[in-house]
Amino acid sequence: MGQIRLDGIVKSYGKEVVVKNLDLTVQPGEFLTILGPSGCGKTTTLRMIAGLEEPDQGNIQLGERVVFSRADGVVIPPEARRLGLIFQSYALWPHMTVAKNITLALKEQNISKADIARRLENALEMVQLTGYAGRYPSELSGGQQQRVAVARLIALRPSILLMDEPLSNLDAKLRTEMRASLKRLHRDLEATTVYVTHDQIEALTLSDRVIIMNDGRIMQEGSPYDIYHHPANIFVAEFIGDPGINLFNGTIANGVLDCGAVSIPLPDAIARHGGDLIAGIRPEKMHVSETAKDGWLKARTEILQPTGANTIVEVKVGDTPITLMQPGFMTLPAGTELWLQFDPESLSFFDTDTQENLRNKVG
Amino acid sequence: MAMADSGKPAFWSLQNISYQAYRLKNRPELIIGLLALGFLSFVVLVPLLQIIKDAFTFQSYDLAYNPDGVVGEFTLFHLDRVFNQPISAALFYKPLVNSLKMGFFVTVIALTVGFSLAWLMVRTNVHFKGVFGAMLVFPYMMPSWVMAIAWLSLFKNDRVGGSEGLLTYWTGTQAPDWVAYGLFPIVITLALHYYAYAYLLISGALATVDSELEEAGATSGMGKWKRIRVITMPLLMPAIGSAIVLTFIRILGTFGTPALLGLPVRFFTFSTQIYASINARNQGDAFVLALVLIVLAISFIWINSRIIGVRKSYVTMTGKGFRKHESDLGKLRWPATVFVILFLCMTVALPLILLLWESLTLIPGDYSLSNLTTYFWVGQGNVNLAYGEPGVIHNKGIMGALINSIKLGFAAALFNGVLGLLVGYAVVRGRGKRLSQWLEAIAFAPYIFPSIALGAIYIGMFSTSIGPVPALYGTFTILILITVIKNLPFTSRTGIAAILQIHQSLEEAARVQGIGWFRRMFRIIIPLSMSGVVAGMLLTFITAMRELSLIILLISPGNMVLTGLIFGYQEQDMAQHSSAVTLMLVLIIIIISVIVRVMSRSAGVGRLNTT
Ligand SMILES: Nc1ncnc2c1ncn2[C@@H]1O[C@H](COP(=O)(O)OP(=O)(O)OP(=O)(O)O)[C@@H](O)[C@H]1O
Ligand SMILES: [Mg+2]
């Protein structure tokens, strides 16, 4: 098992700097997800760890080994880094059978024939593809191909696992299934894992820790719970959560945040801050009542989107739109009156200028 | 463990040197790229510089004209002789005019014919398209001078002595000189060969234009002719431009036909004049002429790219199937079909029949049935016939040349395949880097050297030893080398296309799994690019076997190949031998090209096109 450590990594293509001074440590055995919008530098970061791209600056350490150091002039090639990588396209070799795909790299090492056969058997069993050894990749479904790619890793038993959107080519149902199998893979191999995705559900369900990246920088790192409940800044708050967080621009006046039609109660620590603020609350955290209540905000429903277990309700308070998420399958006609109240515990507050979460600072 | 500070070390520091060494080691494409660039510079650029230098220095063979000259000194003597002396008319100006006339007329005719045929085949419902498609590219496979030999069988007159052709045999009249020799027959025979290039390029472009925009034009209410003028023609211009440039440069560099049909009446073109100058040991003149030829070719490419636009000027030949969007020829359908059949008879069947017949006549010039013999195929040798030269299968010279030709074809195909693949690998994997661009450019450079000029360059370069490289003149190696280089633009394109098809991640996956470069090449890259590369190699084989212009200056009895032998027989007026050997060469080429067709049809199908 190995730690992964990146220090001051900078990478540019031509004039465009795509990774900007990245520091990152993954603990031995940890499952870390890098999550971010398209083009933010996730794949580039992963490829630098694998050795398929070279940073312009910085150091990379895998376990006790320095595999890249610009300053010390060390560049260990991918062949010698001994890690596992699953590509978005699976990168199965189309001219080789499943068995050949899995064993090609093993034959490179000093492993006995019997051992290779055993590992092949074992790997196919773990991904439930026993009996498929003689097939060619083109004769497999997308999900089966993905499992072959996984089996290829299992057979090699790397202590470090890198995955680049391994589920993005699959349909929704298969994705849920495969998510579980990847989690099992991580557990069985006990490998330090870096998982790249722009799918937040994958990130939240799979990871011990999540890193949110944007424009080549880390925006926040923390447990899935923290990332969801205590977003470090507006970017993370908006990026995580579906439907997205409700944000209100306002000015502090008389201990509340005045946002026009809506006014939001403030804790004392925040109220002392003074000036302008942005408040945020997740759709499922709003208190909702179908009967009038004193001191609650009156809202009118606009659009309802039942998703089965929940219903997404878009309402307006005056001119201010708010998104709600309610349990159950709701069928209210548009224009129905609802009464809303903010849950003070669930509110986040952000500085209008720096976009940073104030709670994280104020305490 | 404490990490060192992450800044960049100074350029000459140990750390940086170590870093750069690591990088080089980790990037096989960089190493291959550098090696390929070095090798190609040595065999392409250095020879060019060498003949430029030779053209401007006083050579020992110049002492015959100017005993006071100092060998090795800078001189304008060659330039002066070629451009500015009474002899210049014969040496330069007449060949220039002749070459340009020949190039112009052949290009115009070949393009008109090629375009018409392409249109008929792609855009109309002419009959027998399948057979025609295979037959129309037949000349493309043949040596360009097969037509010339056939022409002589038909129209040879008593001008140069020896026997006369079929025309005289049948009608008793002599073909006039202008029909038998010189510009007219050269233009006709070359055009009937080179139309195939225009046909291939334009039909490929037509087929793709068809599927793209014309229908859009039709739906927007444009009339047929307007559509052709506004949409089709502009889209075809790049292909037409390429066809013009390709044809013109090849014609400038072609040797066989102008030699066979021009030399008897002292009609010189650049290529035959270069040959004559080399034979007369005036290499300096030949070098200057070769340089002029290269300048002509480059300016031609340049003009074309200025008119049509650099990026679009080379349309690649794709194997895309023709769309079924055809206009009905109506009453003209059968006449058009018959026209194509007649054309094919003239360009394919007639020359082959004439060659066969000629090879079977005992006394040259007598085409009666009673004069038929198999002597020139199976005869043991008879002092009264053809200087005692035995028939094909008993002829050591012919068999030796045959083996040499096949060896040349194999070697060229093999080296071209390997080199093309490596260049493709280095260019594609290094995309975006300057090295990759240089490599691509230099691999393409031989394209601008007309064949005969490249031959002249190689004489200049390899007649003495250079460092560890021994003098290669007269060796078999130099034939392989020049053939490989001349074919490199084509094979490196094939290589680039083949590597482009292999997604980078297939190799990266192997890398990450600890599989080294050689294993990656042999287990992944080569198997996956095989079909395209092998088809390219077989085409190289054919090209190498039929080549004359490129190697005419470099062959000697020690490295004789079939094409050189045929030319020799023809020069000695041994028509039966030259016809028989030509026919044999043609048969070999046909067999291989059938294999190519089958292979390229099966390439790309099967499991390789998934994932
Ligand atoms: N080889 C390259 N040459 C030039 N620019 C590149 C190259 N590879 C990536 N980039 C650029 O670097 C930036 C980051 O790319 P990267 O592939 O790391 O994004 P990503 O976060 O993985 O995005 P996605 O979610 O779409 O896969 C992008 O702006 C991309 O255009
Ligand atoms: Mg990516």
Side-chain angles (χ1 to χ4, degrees), chain A residues 5 7-10 13-14 21 47 50-52 54-59 61 64 66 68-96 100-101 104-109 136-139 145 149 152-153 156 158 162 164, chain B residues 1-28 30 429 431-433 501-520 522-531 605-611:
Chain A
R5 202 171 138 185
D7 270 300
I9 296 296
V10 176
Y13 291 110
N21 205 8
R47 288 171 59 82
L52 296 170
E54 260 171 50
D56 302 333
Q57 280 174 48
N59 302 305
Q61 205 179 324
E64 288 304 304
V66 175
F68 180 86
S69 168
R70 183 68 178 90
D72 293 341
V74 177
V75 192
I76 306 293
E79 293 95 304
R81 292 197 182 185
R82 296 195 296 269
L83 35 72
L85 175 58
I86 295 192
F87 291 82
Q88 184 174 343
S89 57
Y90 314 142
L92 299 181
W93 300 305
H95 59 303
M96 295 183 190
K100 275 259 175 65
N101 262 285
L104 185 70
L106 296 176
K107 288 181 183 151
E108 197 75 345
Q109 303 168 8
Y136 283 92
S138 59
E139 298 161 353
Q145 290 181 9
R152 200 160 63 172
L153 276 190
L156 268 175
L162 308 175
D164 189 358
Chain B
M1 174 176 168
M3 285 279 182
D5 117 76
S6 54
K8 284 187 195 175
F11 187 78
W12 282 115
S13 68
L14 211 57
Q15 286 86 348
N16 193 53
I17 292 169
S18 136
Y19 170 73
Q20 300 296 352
Y22 264 123
R23 284 184 65 189
L24 199 62
K25 187 169 153 289
N26 292 347
R27 297 238 191 100
L30 222 65
R429 290 289 180 260
R431 267 280 144 92
K433 303 237 161 52
Q501 280 181 347
I502 305 173
H503 196 273
Q504 193 175 325
S505 69
L506 292 185
E507 200 192 344
E508 288 176 347
R511 264 201 110 167
V512 175
Q513 292 178 42
I515 299 172
W517 185 76
F518 277 99
R519 291 260 293 169
R520 292 205 299 273
F522 283 104
R523 298 311 300 270
I524 294 162
I525 301 294
I526 293 178
L528 286 176
S529 56
M530 215 48 196
S531 53
V605 283
R607 62 176 75 99
L608 293 189
N609 56 0
T610 49
T611 308

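In what follows, every chain begins at residue 1, and chains take the letters A, B, ... in the order their sequences are listed.
- A donor and an acceptor atom, one from each side chain of A:Glu54 and B:Tyr19, are located under 3.5 Å apart.
- Looking at A:Met96 and B:Ile524, their side chains come closer than 4.5 Å, going by heavy atoms from C-beta outward.
- Two residues are said to be in side-chain contact when any heavy atoms from C-beta on lie closer than 4.5 Å; A:Pro77 and B:Arg511 meet this criterion.
- Side chains of B:Val512 and A:Glu79 form no contact here, defined as non-hydrogen atoms less than 4.5 Å apart.
- Note: A:Val74 leads A:Leu162, A:Val74, A:Leu85 in heavy-atom pairs under 4.5 Å with chain B.
- A distance of 9.5 Å separates CD of B:Gln513 from CD of A:Gln109, quoted to the nearest 0.5 Å.
- Heavy atoms closer than 4.5 Å to chain B are found nowhere in A:Pro158, neither backbone nor side chain.
- Contacts of A:Leu156 with chain B are made by side-chain atoms alone, with heavy-atom separations under 4.5 Å and no backbone atom involved.
- The minimum heavy-atom distance between B:Gly514 and A:Glu108, with the atom names listed, is O-CG, 3.6 Å.
- Closest of all the heavy-atom pairs between B:Asn16 and A:Arg70 is OD1-NH1, 3.1 Å.
- One finds the CZ atom of A:Phe87 at 9.0 Å from the CG atom of B:Leu506 (value rounded to the nearest 0.5 Å).
- Within the 4.5 angstrom heavy-atom criterion, atoms from both the backbone and the side chain of B:Ala510 approach chain A.
- When each of A:Leu52, A:Ile9, A:Ile86 is checked for heavy-atom pairs under 4.5 Å with chain B, A:Leu52 comes out on top.
- Counting heavy atoms of neighbouring residues, nucleotides and ligands inside a 6.0 Å radius, atom CG of B:Leu14 does not exceed 12 of them.
- The part of B:Arg519 that comes within reach of chain A is its side chain, from C-beta onward, which places non-hydrogen atoms under 4.5 angstrom from that chain.
- Residues B:Leu528 and A:Pro94 approach most closely at CD2-CG, 3.7 Å, considering heavy atoms.
- Here B:Arg520 contributes atom CZ and A:Leu104 contributes atom CG; the two are 11.5 Å apart, rounded to the nearest 0.5 Å.
- In this structure, no portion of A:Leu106 lies under 4.5 Å from any heavy atom of chain B.
- Put simply, of B:Ser505, B:Gly432, B:Ser13, the one with the most heavy-atom pairs under 4.5 Å next to chain A is B:Ser505.
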